[in-house]
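Have a look at the structure below, then the notes.
What you see is a predicted model; the values in this text were computed from it and never measured. Every heavy atom of this structure was used, including side-chain atoms; hydrogens, water molecules and symmetry mates were not. Letters go in sequence order (proteins before strands), and every chain restarts at 1.
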Amino acid sequence: MKVTLLYFAWVREKIGRAREEVELPATLKTVADLIAWLRARGPKYDNAFARPEVIRSAINQTHVKQSAPLTGAREIAFFPPVTGG
Amino acid sequence: MKVTLLYFAWVREKIGRAREEVELPATLKTVADLIAWLRARGPKYDNAFARPEVIRSAINQTHVKQSAPLTGAREIAFFPPVTGG
Amino acid sequence: MTVRVQTAPFDLSAEVANLTGGRTDIGAIVTFTGTVRDTSHGQKLASMTLEHYPGMTEAELTRVEADANVRWPLQASLIIHRVGTLLPGEGIVLVVTASPHRQAAFDAASFLMDYLKTRAPFWKKELALDGSGDWVDARESDDVALARWETSTST
Amino acid sequence: MTVRVQTAPFDLSAEVANLTGGRTDIGAIVTFTGTVRDTSHGQKLASMTLEHYPGMTEAELTRVEADANVRWPLQASLIIHRVGTLLPGEGIVLVVTASPHRQAAFDAASFLMDYLKTRAPFWKKELALDGSGDWVDARESDDVALARWETSTST
């Protein structure tokens with residue numbers, strides 16, 4: 001499955017890019033699986049996701065928990081807790 | 001004791017005047033006494049104060065209950081419950 | 001802390017700029033504007049006339065504002081109340097509060113309105129389109145709104 | 001119902017006039033303006049830069065505003081959130097609510113701010129006067145503020 005990954009705020013800074021297109025292995029079922037897979041891609045990813053509990057995620061522009069399935073995902077975003085307002 | 005009486009809103013309209021100076025008999029001790037005394041002055045007063053429980057009062061520009069003593073009063077005002085804002 | 005009773009309309013941006021302009025320590029500004037509605041108890045209104053008790057009005061508004069400043073960490077506050085004859089859509093009252101924290105600004109503005117409505121000596125008379133005129137009755141709901149602040153009163 | 005994300009400053013009076021001008025059925029208008037403070041954790045700030053997630057931001061703000069309109073009888077509502085680099089004293093966010101009743105206007109504005117702060121994908125980075133830059137941490141108090149609306153959720 002081909003998806004667009006988006007990174008914001010310090011997640012973006014740590015990874016060193018704002019977006020990328022990736023082909024997800026069929027073995028990845030949930031957002032948590034995807035995070036684990038990304039961490040194995042290199043030290044920048046590993047560092048950005050070092051504390052996965054502080055990472056928030058969205059699938060197709062809707063907030064989801066890390067237990068959410070990846071089914072139907074076209075755009076997946078990772079970011080710190082929001083601080084607007 | 002000489003005091004200024006002020007009337008507002010429909011109390012003013014029913015009495016037909018906005019203010020007057022009166023010499024209070026020493027027998028009047030409280031605001032309630034004053035209301036009873038005013039009612040005896042004529043039908044307009046009697047009508048304005050016909051339901052004393054809906055009349056609010058102030059002595060020297062401070063809200064008081066009708067049980068409040070008249071001691072020290074220079075300006076006494078009568079009006080309906082306020083409706084600003 | 002500022003309190004004004006006036007016949008002239010007020011301008012929201014100008015009043016907020018006067019109060020907070022040039023300051024960089026404020027985090028939250030809440031404004032409340034009360035406006036004349038065109039309908040009252042099913043009757044169309046032509047206008048509303050506000051009478052007040054000069055002297056006592058300013059004294060009460062100042063007391064209410066001082067009370068809010070004791071309860072919340074306000075950096076600035078303003079109450080403007082108009083008197084005279086107003087048309088539907090016109091502003092009657094403006095309350096502005098500024099604080100480092102948003103909840104303090106919200107609560108203080110709400111408190112000022114609740115107190116103002118039950119304490120400040122203003123009276124509204126409505127003139128209906130059919131020519132009839134009536135003094136507005138005080139609403140019990142305003143006393144209920146006021147009572148919620150009593151529980152948090154420190155003594 | 002209007003939602004806008006913009007880099008330009010907003011004008012309070014102009015936005016309120018756009019939203020409510022010419023209407024005579026409104027009784028209460030509440031505005032909330034959040035501004036950049038000059039100090040953060042004891043450090044003097046030079047500026048604050050806001051990043052957001054285009055597309056999702058507008059979607060979340062629209063959801064939040066629709067939710068408020070279900071909960072309260074709003075006649076008009078507006079959310080403007082700025083992005084880009086802002087200086088101390090500048091407005092970051094503007095929320096406006098209009099209702100026949102003052103408490104509805106107050107509650108809806110407060111609700112919009114609480115939801116916006118915990119749901120809308122914005123991130124603040126502070127640039128201190130000494131040149132250091134730091135992403136602002138989310139505050140637990142914002143989650144607490146949000147939780148109070150859950151008790152009144154109808155299901």
Counting heavy-atom pairs under 4.5 Å with chain A, the top scorer among D/Met113, D/His81, D/Arg82, D/Arg139 is D/His81
Might you point out which heavy atoms bring A/Thr83 and D/Val136 nearest each other, and give the distance in Å? CG2-O, 3.3 Å
When every non-hydrogen atom of D/Pro54 is compared with those of A/Phe8, the smallest separation belongs to CD-CE2, 4.5 Å
Tabulate, in ascending numerical order, the residues of residues 87-94 of chain D having at least one heavy atom closer than 4.5 Å to a heavy atom of chain A, or enter 'none'. D/Ile92, D/Val93
Considering heavy atoms only, which positions within residues 55-63 of chain D lie below 4.5 Å of chain A? D/Gly55, D/Met56, D/Glu60, D/Arg63
Part of residues 44-53 of chain D lying next to chain A, heavy-atom separation under 4.5 Å: D/Glu51, D/His52, D/Tyr53
Is it the backbone or the side chain of D/Lys125 that comes under 4.5 Å from a heavy atom of chain A, or both, or neither? side chain
Less than 4.5 Å to any heavy atom of chain D: does that hold for the side chain of A/Ala58, its backbone, both, or neither? side chain
Using heavy-atom distances under 4.5 Å, tell me whether D/Asp142 contacts chain A through its side chain, its backbone, both, or neither. neither
Tell me, out of A/Pro81, A/Ala77, A/Pro80, who's got the most heavy-atom pairs with chain D below 4.5 Å. A/Pro80
Take a 6.0 Å sphere around NZ of A/Lys14 and say whether it holds more than 12 heavy atoms from other residues, nucleotides or ligands. yes
Pick one of side chain, backbone, both or neither for A/Arg56, based on which atoms fall under 4.5 Å of a heavy atom in chain D. neither
Can you tell me how far the CG atom of D/Asp134 sits from the CH2 atom of A/Trp10, to the nearest 0.5 Å? 12.5 Å
Does anything in residues 2-40 of chain D get under 4.5 Å of chain A by heavy atoms, and if so which residues? none
Kindly determine whether D/Trp123 and A/Val82 satisfy side-chain contact (heavy atoms from CB on, under 4.5 Å), including the steps that lead there. CA-CA 6 Å; D/Trp123 300 274; A/Val82 303; 4.0 Å; yes
